[in-house]
Structures are given as C-alpha cells and as structure tokens.
Visitor: 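Please find one structure pasted underneath; my questions will follow.
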Amino acid sequence: MEDCVDRALGEVDEPIQASFAADPLRTLNVEFGLKVRAADHLTEQRDDGGTCDGVSFLKDGVILYAATGNRRENFTLAHELGHSLVADIDDIIDWLADQPDAAVALETLCDRLASRLLFPDEIVTRIIGAGPVRARHVAELYQATNASVPACAIALAGRLPTLGAVIVLDQATNVVTYASVHPDPEHGWPTVHPWPRQTLPAAHPLGGLTSGATFTRRSFWATSWGSRADFYIDAYAGDRRTVAVLVDDDLWGVDVFHPQVSRDFDQRPEGTFRCCGVERTVRAWPCVDCGEPYCPTCGKCRCGRRASREALCAGGCGMKYLPHLLEDGRCEECR
C-alpha cells in the first residue's frame, strides 16, 4: 500500500504538492487542469456517513464535491485527486487487481494519498517525536495543519509498525465514523478489525468516555457477527468524538508479561482467470458452481458472464439461451 502511495506521489512535483497543501481547490484547477465544482446534490444524497463526499469523471477531467465549508472539503478533493493519479499508473492498477477486495483497497489507497497530500511527512514526524503513536496525536496533527480528522488518522495509521488501526468514534451514537487499518506487514488483513459505520461492541471500554478522558490498556475488538480478537488500545476523548489506536503489539508497555495471541488472517484461496480484458490473480472465495473467483471489476464469475450473454427466447417458453442458439429470437423448440 505505502509503495503504491510513494509511486503515485512521485508523479507530482514537490512544489505542486506544497501548493496543494496550501490551496487544494486552486491547485486542482490551475496545476492539474481539472474542472472542480461544488455540487449541492451530493450533500443531499450522501447520507451513508462516508468520509469522502466526492465523485470523479476521470475521462472528462471533472471532480464534483459536496461543499461542507470545513476541512472535510480538503480531504475530499485530495481523495479525488488520488483517484486521478492512480488511474494513470499501470503498476498500481496491476496491484489493485491482485487484492481480495479491489474496491476497498482502492479507496484505502486514495485515503492514504489524501493524507500525504494534505501535510508533509516531516510534520507527522515532529508530532509523534521519538515515542510510539498515541491517540492524542490526532488532535495535535489537526491543530498543526489544515487537514481533516480522518486525514490525521490515516497519517498516524501509516506510522504504525505493526498490525493496527486508528479509529474515530462518535460519542453520542457509539458508532465508528472513520477507521484507518494498517494490515500486518507479513500476513495482511486480519479477519477482525474496525470499519466505518460499525457500532461499538457491547461492554467495550471505549464507550462512555467524557471529554479529556484517556486510557491505555489491553482490551478487544469484535465484529458484528461475534468474532473477537485482542488488541492493545490507547484512547483520547474530545468534546464529541473519541480517537483510539488499536494495535496487536504492546507499544505502550501496558503488560509486564505478554500472552501469546492467536489471530486469524484472510485465508481465501488465490485464483487466476481472465475477465474485463485482463488476466487477474485474486484472493477470494470462488463461485460454488464454476469454481472461478468473482471479478473485482464487474463482480461476475464464469457462469455469471455466461448468464449475462444469454437472451430470453421470444417464443414465449420463458427460457434463456446463448445468442447463437436463437433464430429470429426464438429457440429450436419454439421454432
């Protein structure tokens, strides 16, 4: 992931990166030649709690975004620029095609790009200092830059040395409004990790924190279907939201003795197939009928592609056939 971020940023000169951090909207219009417009209908339609309220039409060089009047706009513009940068780099497109969920990987990649575009690495280094990442660093980054809270969370997640995540929790609803996951460097994505719009697990110590409260301890995270895994957690509560850093290693010296933790990782099999004009190797559960993985672009397996080519017989039998089996739109029986 970080190699792809570095590769994409390598296409942007440092003076232009600095210009973007200072004035994203002007830089997109002037330096990148993109048509960037606020679109009120995005504000009306985006009600899913998403962090990036924008959409790109890359072939036309157009970006539409929801005007929020705050730093969220900057993150949205940076995220959409990430889509534009990634679309022109074959190495990154190939990497995305190999991911078990290409859509999620692409959005995470553009989030990482947005974070790096909004503030240079040296600012993050200065805030963190010589110690490990802490939850309070999100607030400190927010004060030191023009970046949004999600962008600050992404920047910190990228500095985690081990499997972990930085999450932002709405105190009123106990719902995760944002989560930036840092996969294990060797094993990849765990089966249990926080994700946006997930409700805080029952009896979790992050619930009920008041403004200014902090804690650092070993606790857990759980999925909505009941799977559970242990994490070390450092948390800081603001006025309306709580920020927490979850990691699988004791970065903060919580325990004297560290129990051996067994963690499950994504074990889906790899499969190679050709679809949408490209040969792909993906990690995914295959279709039970044809045994082929589902294409991350169109979502179809071999039998799904076959079914999409079939046409309904015009003779009234209600059956579907491949086009070469129909004559004047009718099957052999109806003819």
Visitor: Taking it one step at a time, do Val176 and Leu200 satisfy side chain to side chain contact (heavy atoms under 4.5 Å, CB included)?
Guide: CA-CA 7 Å; Val176 176; Leu200 189 69; 5.7 Å; no
Visitor: With no hydrogens and no angle check, just 3.5 Å: does a side-chain donor-acceptor pair link His193 and Gln198?
Guide: no
Visitor: Can you list, pair by pair, the side-chain donor-acceptor contacts under 3.5 Å of residues 323-335, counting residues two or more places apart and other chains?
Guide:
| residue | atom | partner | partner atom | Å |
| --- | --- | --- | --- | --- |
| Arg335 | NH1 | Arg330 | O | 2.8 |

Visitor: Do side-chain atoms of Asp250 reach the backbone of Asp255 as a donor and acceptor pair under 3.5 angstrom?
Guide: yes
Visitor: Can you give me the closest heavy-atom contact between Ala144 and Arg126, atom names plus distance?
Guide: CB-NH2, 4.5 Å
Visitor: Is the Lys NZ or Arg CZ of Arg228 less than 6.0 Å from the centre of Phe220's six-membered ring, within 45° of the axis?
Guide: yes
Visitor: Between the side chain of Trp252 and the main-chain N/O of Val133, is any donor-acceptor distance below 3.5 Å?
Guide: yes
Visitor: As a quick check of understanding, evaluate side chain to side chain contact (heavy atoms under 4.5 Å, CB included) for Ser219 and His204, giving each step before the final call.
Guide: CA-CA 8 Å; Ser219 186; His204 199 282; 4.1 Å; yes
Visitor: Ignoring hydrogens, what is the shortest heavy-atom contact between Asp289 and Cys303? Give both atom names and the distance.
Guide: CB-SG, 4.3 Å
Visitor: Keeping Ser227 on the side-chain end and Thr223 on the backbone end, is there a donor-acceptor pair under 3.5 Å?
Guide: no
Visitor: With sequence neighbours left out, write down each residue that passes side chain to side chain contact (heavy atoms under 4.5 Å, CB included) with Arg7, or none if nothing qualifies.
Guide: Glu11, Ile89, Asp91, Ile92
Visitor: Does any N or O in the side chain of Ser148 come within less than 3.5 Å of the main-chain N or O of Phe75, such that one atom is a donor and the other an acceptor?
Guide: no
Visitor: Shared ILVMFWY cluster between Tyr294 and Trp189, side chains joined below 4.5 angstrom?
Guide: no
Visitor: Using a 3.5 Å distance criterion without hydrogens, assess whether the side chain of Asp23 forms a donor-acceptor pair with backbone atoms of Ser19.
Guide: no
Visitor: Is there a path from Val30 to Val12 through hydrophobic residues (I, L, V, M, F, W, Y) whose side chains come within less than 4.5 Å of each other?
Guide: no
Visitor: In Å and rounded to the nearest 0.5 Å, what is the CZ to CD1 distance from Arg159 to Ile127?
Guide: 11.0 Å
Visitor: Please round to the nearest 0.5 Å and tell me the distance separating atom CG of Leu34 and atom CG of Leu25.
Guide: 11.0 Å
Visitor: Tell me yes or no: between the side chains of Ser180 and Arg112, is some donor less than 3.5 Å from an acceptor?
Guide: yes
Visitor: Do you see a donor-acceptor pair shorter than 3.5 Å between the side chains of Asp170 and Tyr178?
Guide: no
Visitor: About how many Å separate OG1 of Thr214 and CG of Asp234, when rounded to the nearest 0.5 Å?
Guide: 7.5 Å
Visitor: Would you compute the distance between atom CD of Gln99 and atom CG of Leu106 and round it to the nearest 0.5 angstrom?
Guide: 11.0 Å
Visitor: How far does CG of Leu163 sit from CG of Asp184, to the nearest 0.5 angstrom?
Guide: 5.5 Å
Visitor: Before you tell me yes or no, could you show the steps for His182 and Glu2 under side-chain hydrogen bond (donor to acceptor under 3.5 Å, both in side chains), namely the whole-Å CA-CA distance, both residues' side-chain angles and the distance that decides it to 0.1 Å?
Guide: CA-CA 10 Å; His182 184 270; Glu2 295 307 316; 5.9 Å; no
Visitor: Just by modelled atom types, is the Glu292 backbone N or O under 3.5 Å from a matching donor or acceptor in the Arg302 side chain?
Guide: no
Visitor: Are Val175 and Leu246 connected in the hydrophobic side-chain network, where two residues link if heavy atoms are under 4.5 Å apart?
Guide: no
Visitor: Just do the side chain to side chain contact (heavy atoms under 4.5 Å, CB included) check on Leu77 and Leu28 with the steps written out, would you?
Guide: CA-CA 8 Å; Leu77 294 175; Leu28 288 174; 3.8 Å; yes
Visitor: What distance separates Cys4 SG from Leu109 CG, expressed to the nearest 0.5 Å?
Guide: 5.5 Å
Visitor: Does a donor on one side chain sit under 3.5 Å from an acceptor on the other, for Arg134 and Thr216?
Guide: yes
Visitor: Verify the cluster assignment for Val247 and Tyr236: are they in a single hydrophobic cluster under the rule of side-chain heavy atoms below 4.5 Å apart?
Guide: no
